[in-house]
Protein chains: 2
Amino acid sequence: MSVNLEVVREVSEFNNYYNSLAELLNRHLADNNLSLSALRVLIKLREEEEQCTAGKLIANLGIDGGYLSRILKSFESNQLIAKRKSNLDGRTWYLQLTAKGSKLLETLEQGSAEQIGKLLEPVPAEQQLALAGAMKTVRHILSDDAKISPEDITYRRDLQPGDAGFLMHMHGSLYAKEAGYNLEFETHTCKTFYEFLEAYNSSKDQVFLAMHGNQIIGSIAVLGHSRYATQMRWFLVHPDYRGIGIGQRLLTEAINAAKEKLFQKIYLITTSQQVAATSLFKKNGFRKSGEKHMPMWGLQLTEERYEIDLI
Amino acid sequence: MSVNLEVVREVSEFNNYYNSLAELLNRHLADNNLSLSALRVLIKLREEEEQCTAGKLIANLGIDGGYLSRILKSFESNQLIAKRKSNLDGRTWYLQLTAKGSKLLETLEQGSAEQIGKLLEPVPAEQQLALAGAMKTVRHILSDDAKISPEDITYRRDLQPGDAGFLMHMHGSLYAKEAGYNLEFETHTCKTFYEFLEAYNSSKDQVFLAMHGNQIIGSIAVLGHSRYATQMRWFLVHPDYRGIGIGQRLLTEAINAAKEKLFQKIYLITTSQQVAATSLFKKNGFRKSGEKHMPMWGLQLTEERYEIDLI
DNA sequence: TTTTTTAATTGCTTTTGTCAAACAGATTTC
DNA sequence: GAAATCTGTTTGACAAAAGCAATTAAAAAA
């Protein structure tokens with residue numbers, strides 16, 4: 001993968017900036033006679049919970065063995081950690097935080113939170129959210145394990161100003177990128193949104209949005225087109241958030257909403273390209289009720305219709 | 001301003017994460033026998049260019065005076081900086097990087113860039129851009145002086161999939177927040193975008209987008225509705241980017257495009273609420289050609305029409 | 001069994017950073 | 001205008017943080 005020089009420059013400047021900021025944020029450590037390395041060890045120990053050895057810490061934290069040994073020794077003499085001899089290897093010890101250790105860590109984080117609170121105090125609420133989002137993005141992009149978990153995702157059912165546009169944006173850009181659709185597809189999406197917004201009626205229509213912070217990252221809708229049938233539309237999960245059950249959750253919500261509104265059937269139109277989505281539809285009881293080859297969105301596609309009976 | 005606990009938690013985790021990363025990014029410093037503090041001093045000296053004193057460095061970098069004195073002494077003996085006695089105050093010295101000092105700094109940054117390059121190497125290009133954007137956002141929110149400058153903004157004239165949706169999103173959410181418009185406004189915007197996308201023709205229509213990284217932060221369009229007149233639409237600059245001339249640049253581009261396409265007149269419709277925009281219109285030669293009080297977007301508004309003759 | 005490797009520790013050293021005192025020029029006070 | 005105070009910088013003494021190399025003891029390989 002090639003590296004963008006502008007990006008390198010920004011990372012460099014950011015690093016430079018953050019070096020100053022870190023000094024401020026980590027100042028409270030001195031009050032507790034801990035070095036930054038010692039704190040990192042404590043945090044890592046909490047993360048690993050059990051079966052953490054010195055070697056693991058050295059590998060993970062990039063810390064010198066001798067130095068670490070002394071840090072651990074002082075932790076032990078302060079009863080912050082407990083050592084347990086491995087019976088697989090007589091040289092290694094399993095390290096574990098004691099209750100006292102956990103408590104100290106909490107106190108430290110309390111102190112850190114106070115520092116951060118002071119830093120954030122003059123920042124408007126909305127910018128605070130944007131900050132958290134940006135930091136999460138940085139971590140998410142740079143680290144393998146800062147995976148987003150289902151608990152980070154919230155859901156909402158109301159459509160607020162800006163939502164429709166953002167959904168259209170997601171559809172337009174993602175389908176262009178992932179399926180190669182052209183602008184015509186966004187035009188079509190725009191039309192469907194216009195028709196929806198014009199005739200929106202909460203007794204027959206229902207939108208669900210999956211949110212990460214204040215960002216929409218997934219969507220689905222059921223639109224009552226007749227007294228008996230409702231159309232499912234705009235089923236999409238942002239690629240960064242796939243594979244953690246958001247799609248299934250949205251689908252379940254949509255089916256339940258259609259049932260609550262007493263529709264007898266849900267139908268939807270998709271293409272044969274949408275393999276992941278169609279397999280999810282089938283798993284949830286939908287069956288294919290039609291297909292049609294046709295030129296669409298600049299490609300030659302197979303349009304598929306799926307249906308499910310709700311009674 | 002109240003502080004969001006979730007945000008504090010994310011900042012804390014980010015800090016924790018970045019402490020590990022910083023260790024990696026700053027590793028190359030050791031090769032040049034420099035401490036992080038020493039590097040920060042060098043960078044600050046370059047920034048300040050002239051008339052930088054030890055006191056200024058102490059205040060800006062939060063570094064101990066004694067320690068700094070030694071750092072500077074070593075810099076001087078290595079001919080990285082030159083000292084010049086102040087004639088206003090016999091105690092102070094003006095510090096300045098020598099050519100050798102600047103060169104060292106460049107070498108260091110080269111090393112840093114290599115580290116960063118390695119870090120970014122496995123990251124897809126698009127994510128790299130998102131990373132830079134997120135880092136810029138963090139700096140921008142937390143520091144007063146990381147202001148966005150006009151040079152950071154790029155412009156493009158082509159409409160890519162996802163753009164229309166994002167513009168609709170910006171209009172819907174910003175007008176809701178800043179002017180109190182309801183969903184009807186987004187419905188209307190949706191309609192205008194649908195009409196535009198349906199009939200898009202580059203010989204008469206032109207969109208301009210102001211970009212920060214890969215994010216749209218401003219827009220304008222001229223839409224040829226007849227052979228003689230073109231309508232200006234979607235003039236908007238994201239609030240975080242106002243006041244640095246983006247609006248004027250967009251307006252100029254739009255007027256020029258209308259002239260190039262040989263339209264005789266531009267008209268636009270806005271409301272009396274849009275004080276900043278209308279004053280910009282007037283400054284650029286537009287005159288008010290009509291107004292109408294009416295209920296709109298959930299409010300009682302005064303719709304205004306502006307025109308400019310291009311011939 | 002011997003050799004080699006590996007996990008952890010210990011001794012020694014350098015680097016980094018802090019604190020308090022000293023110093024010298026500037027400013028204020030009487 | 002001399003004494004006292006304050007300010008910007010330096011120096012000395014010291015402590016904490018971190019790195020390096022040698023050592024130990026257990027495990028794995030030869």
Side-chain angles (χ1 to χ4, degrees), chain A residues 19-20 22-24 26-42 44-45 48 51-78 81-96 108, chain B residues 19-20 22-42 44-45 48 51-78 81-96:
Chain A
N19 281 337
S20 311
E23 206 244 349
L24 191 96
N26 297 326
R27 191 166 290 169
H28 70 287
L29 285 176
D31 308 339
N32 294 75
N33 294 320
L34 276 185
S35 67
L36 186 54
S37 303
L39 172 69
R40 289 176 59 212
V41 170
L42 276 183
K44 195 76 194 169
L45 282 172
E48 295 291 330
Q51 309 241 322
C52 187
T53 62
K56 211 166 180 178
L57 291 172
I58 291 170
N60 278 299
L61 303 176
I63 206 172
D64 172 74
Y67 184 36
L68 175 67
S69 177
R70 272 176 260 265
I71 290 175
L72 291 175
K73 198 196 228 169
S74 104
F75 281 176
E76 204 187 0
S77 74
N78 289 313
I81 62 168
K83 275 174 153 185
R84 192 160 46 81
K85 200 161 193 158
S86 162
N87 41 14
L88 283 148
D89 186 333
R91 295 166 303 178
T92 64
W93 301 81
Y94 293 127
L95 308 165
Q96 210 172 345
L108 286 168
Chain B
N19 282 337
S20 310
E23 206 245 349
L24 192 97
L25 289 178
N26 298 324
R27 191 166 291 170
H28 70 285
L29 286 176
D31 308 339
N32 294 75
N33 295 319
L34 275 185
S35 68
L36 187 56
S37 302
L39 172 69
R40 290 175 59 212
V41 170
L42 276 184
K44 196 76 196 170
L45 282 172
E48 294 291 330
Q51 310 241 321
C52 186
T53 63
K56 212 166 179 178
L57 291 171
I58 291 169
N60 277 298
L61 303 176
I63 207 173
D64 174 75
Y67 185 34
L68 175 68
S69 177
R70 271 177 261 264
I71 289 175
L72 292 176
K73 199 198 228 169
S74 106
F75 280 176
E76 205 186 1
S77 74
N78 288 312
I81 61 167
K83 275 173 150 186
R84 190 161 46 80
K85 198 157 194 161
S86 161
N87 42 15
L88 284 148
D89 185 334
R91 295 164 304 177
T92 65
W93 300 81
Y94 292 127
L95 308 165
Q96 210 171 347

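Every chain is numbered from 1 and lettered A, B, ... according to where its sequence line falls, protein lines coming before strand lines.
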J.: I would like to know whether B:L39 and B:N32 meet side chain to side chain contact (heavy atoms under 4.5 Å, CB included); could you show each step before the answer?
T.: CA-CA 10 Å; B:L39 172 69; B:N32 294 75; over 6 Å; no
J.: Sequence neighbours left out, cut at 3.5 Å: what donor-acceptor pairs do the side chains of residues 65-77 of chain B make with other protein atoms?
T.:
residue : atom : partner : partner atom : Å
B:Y67   : OH   : B:S35   : OG           : 3.4
B:S74   : OG   : B:I71   : O            : 3.3
B:S77   : OG   : B:S74   : O            : 3.1

J.: Quick check on C:dT16: is either OP1 or OP2 less than 4.0 Å from any side-chain nitrogen or oxygen of B:S37?
T.: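 Checking C:dT16 against B:S37, no side-chain N or O comes under 4.0 Å of OP1 or OP2.
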J.: Pick the nucleotide of DNA chain D nearest each of B:T53 and A:S35; which residue has the one closer to the 5' end?
T.: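 It is B:T53, whose closest nucleotide lies nearer the 5' terminus.
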J.: Look up atom OG1 in A:T92 and atom NZ in A:K83, then write down how far apart they are to the nearest 0.5 Å.
T.: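 Rounded to the nearest 0.5 Å, the OG1-NZ separation comes out at 11.0 Å.
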J.: Among residues 59-69 of chain B, which contact DNA chain D at a heavy-atom distance under 4.0 Å?
T.: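 Result for residues 59-69 of chain B: B:G65, B:G66, B:S69, sorted by number.
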J.: Nearest 0.5 Å, please: how far is CD in B:E48 from CG in B:L57?
T.: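 Nearest 0.5 Å value for the CG-CD distance: 7.5 Å.
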J.: Could you check how far NZ of A:K73 sits from C1' of D:dA17, rounded to whole Å?
T.: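 Spelled out: NZ on A:K73 to C1' on D:dA17 is 16 Å.
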J.: Among D:dG12, C:dG25, D:dT9, find the nucleotide with the atom closest to the side chain of B:D89.
T.: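 In terms of side-chain proximity for B:D89, the closest of D:dG12, C:dG25, D:dT9 is C:dG25.
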J.: Measure from the side chain of A:T92, starting at C-beta and using heavy atoms only, and say which of D:dT9, C:dA7, C:dT9 lies closest.
T.: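 Closest nucleotide to the A:T92 side chain: C:dA7.
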J.: What is the distance, to the nearest angstrom, from the CD atom on A:E76 to the C1' atom on C:dT9?
T.: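 About 13 Å, once rounded to whole Å.
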J.: Quickly work out the A:L95 CG to C:dA8 C1' distance and round it to whole Å.
T.: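 Answer to the nearest Å: 11 Å.
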J.: Side chain of A:R70: nearest nucleotide among C:dT18, C:dA8, C:dG11?
T.: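 Within the option list, the nearest is C:dG11.
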J.: Could you go through B:Q96 and B:L45, starting from their C-alpha distance and side-chain angles, then the distance that decides it, and tell me whether this counts as side chain to side chain contact (heavy atoms under 4.5 Å, CB included)?
T.: CA-CA 6 Å; B:Q96 210 171 347; B:L45 282 172; over 6 Å; no
J.: For the pair made of CH2 in A:W93 and C1' in D:dA27, what is the distance, rounded to whole Å?
T.: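 Roughly 16 Å, once rounded to whole Å.
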J.: Which whole-number value in Å describes the distance from A:R40 CZ to D:dA17 P?
T.: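 A:R40 atom CZ is separated from D:dA17 atom P by 15 Å.
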J.: For C:dT6, does the base pair up with any side-chain atom of A:R91 as donor and acceptor (N or O, under 3.5 Å, distance only)?
T.: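 Yes, the side chain and the base share a sub-3.5 Å donor-acceptor pair.
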J.: What integer distance in Å separates B:K85:NZ from C:dA26:P?
T.: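 It works out to 9 Å between those atoms.
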J.: Does B:K56 place a side-chain N or O at less than 4.0 Å from the phosphate oxygens OP1/OP2 of D:dG8?
T.: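 For D:dG8, neither OP1 nor OP2 has a side-chain N or O of B:K56 closer than 4.0 Å.
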J.: Need one value for A:K83: base, sugar-phosphate or nothing, where a base atom within 4.0 Å counts as base even if backbone is also close, heavy atoms only.
T.: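 Touches sugar-phosphate only.
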J.: Under the side chain to side chain contact (heavy atoms under 4.5 Å, CB included) rule, what do A:I81 and A:W93 come out as? Steps first, then yes or no, please.
T.: CA-CA 11 Å; A:I81 62 168; A:W93 301 81; over 6 Å; no
J.: Could you tell me whether a side-chain N or O of A:R40 sits under 3.5 Å from a main-chain N or O of A:L61, the two making a donor and an acceptor?
T.: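 At least one qualifying donor-acceptor pair exists.
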J.: In whole angstrom, what separates A:L72's CG from C:dA7's P?
T.: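 In whole Å, C:dA7 P and A:L72 CG are 15 Å from each other.
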J.: Provide, to the nearest angstrom, the distance between the CG atom belonging to A:L88 and the P atom belonging to D:dA25.
T.: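 From A:L88 CG to D:dA25 P: 21 Å.
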